[in-house]
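Scroll down for the structure; my scribbles are underneath it.
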Amino acid sequence: MEKYITSNLKTELGYFTLKSIKKKITYFYPSNDKSEKINNNHLHINFLKTLNNYFLKESSSFRYQLKLIGTEFQKKVWQEISKIKYGQTVTYNDIAKKVNSSPRAIGNACSKNKCLFLIPCHRIICANGSTGGYVLGENIKEYLIKLEKNAK
DNA sequence: TACAACTCCGCTG
DNA sequence: CAGCGGAGTTGTA
């Protein structure tokens with residue numbers, strides 16, 4: 001049985017659980033646990049540092065190996081999303097065209113993304129310019145987009 | 001089958 | 001032309 005390493009991190013946006021297995025991050029999602037528990041693990045410590053830098057606009061991307069858990073379709077979509085550069089936004093429709101699917105299905109796959117920030121699904125917006133939905137709420141999504149746009 | 005983090009199209013004013 | 005409503009679409013539980 002493979003062993004997962006878990007931490008509970010305090011961030012700008014609340015507490016998040018980080019899970020990794022064999023140096024690969026597999027999960028990063030909001031947590032109900034309001035206590036900070038950082039696993040004494042190089043990857044986790046490093047990740048937290050990168051995360052803080054991200055909010056301070058001093059880091060533009062997360063370069064970590066991910067272990068994606070999901071259907072083939074979801075992985076395909078997530079990989080496509082990962083290509084979106086820092087500060088860029090793309091529409092659901094754009095992604096849909098790339099994987100020969102429909103925007104509705106893309107939104108579906110995005111909402112199941114459990115690696116927030118690592119897979120930048122906050123950079124995907126509606127074709128009409130509105131933000132669309134987000135796990136943490138539209139306001140957070142907008143916040144992130146602005147954060148990236150204002151960074152230099 | 002019903003639902004979802006979408007989009008397009010046609011209708012009203 | 002803006003705003004609104006509804007149908008079409010594709011993948012999942």
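Residue numbers start from 1 in every chain, and the chains themselves are labelled A, B, ... in the order their sequence lines are given, proteins ahead of strands. Being a predicted model, the structure only gives us computed values, none of them experimental. Heavy-atom basis, side chains included; hydrogens, waters and symmetry copies ignored.
- The side chain of A/Lys112 lies closest to C/dT12, out of C/dT10, B/dA5, C/dT12.
- In this entry the distance linking NZ of A/Lys75 with P of C/dG11 reads 16 Å, nearest Å.
- Distance, A/Asn108 CG to B/dC6 P: 9 Å, rounded to whole Å.
- Closest to the side chain of A/Val135, from the set C/dG11, B/dA5, B/dC6, is B/dA5.
- With distances taken from any side-chain atom of A/Lys141 to the nucleotides B/dT7, C/dT10, B/dA5, the minimum falls on B/dA5.
- Both the sub-6.0 Å distance and the 45° axial angle are not jointly satisfied by A/Lys34 relative to the ring of A/Tyr15.
- Counting any heavy atom pair closer than 4.0 Å across all strands shown, A/Cys110 reaches a base atom.
- Comparing C/dG11, B/dC6, B/dA5 by their closest approach to the side chain of A/Cys121 singles out B/dA5.
- In this structure B/dC3 sits in a base pair with C/dG11, meeting the Watson-Crick or G-U test at under 3.5 Å.
- Here the nucleotide nearest the side chain of A/Thr91, chosen from B/dA5, B/dT7, C/dT9, is B/dT7.
- A distance below 6.0 Å separates the ring centres of A/Phe47 and A/Phe28.
- Counting non-hydrogen atoms under 4.0 angstrom, A/Tyr92 reaches a base of the nucleic acid.
- Side-chain proximity of A/Arg104 to B/dA5, C/dG11, C/dT9: nearest is C/dT9.
- The residue A/Ser101 sits close only to the backbone: its heavy atoms come under 4.0 Å of sugar-phosphate atoms, none of a base.
- A side-chain donor from one of A/Glu138 and A/Thr131 sits under 3.5 Å from a side-chain acceptor of the other.
- Using a 3.5 Å distance cut-off with no hydrogens or angles, the side chains of A/Tyr143 and A/Glu148 do not pair a donor with an acceptor.
- Phosphate proximity of B/dC8 to A/Asn93: present, with a side-chain N or O under 4.0 Å from OP1 or OP2.
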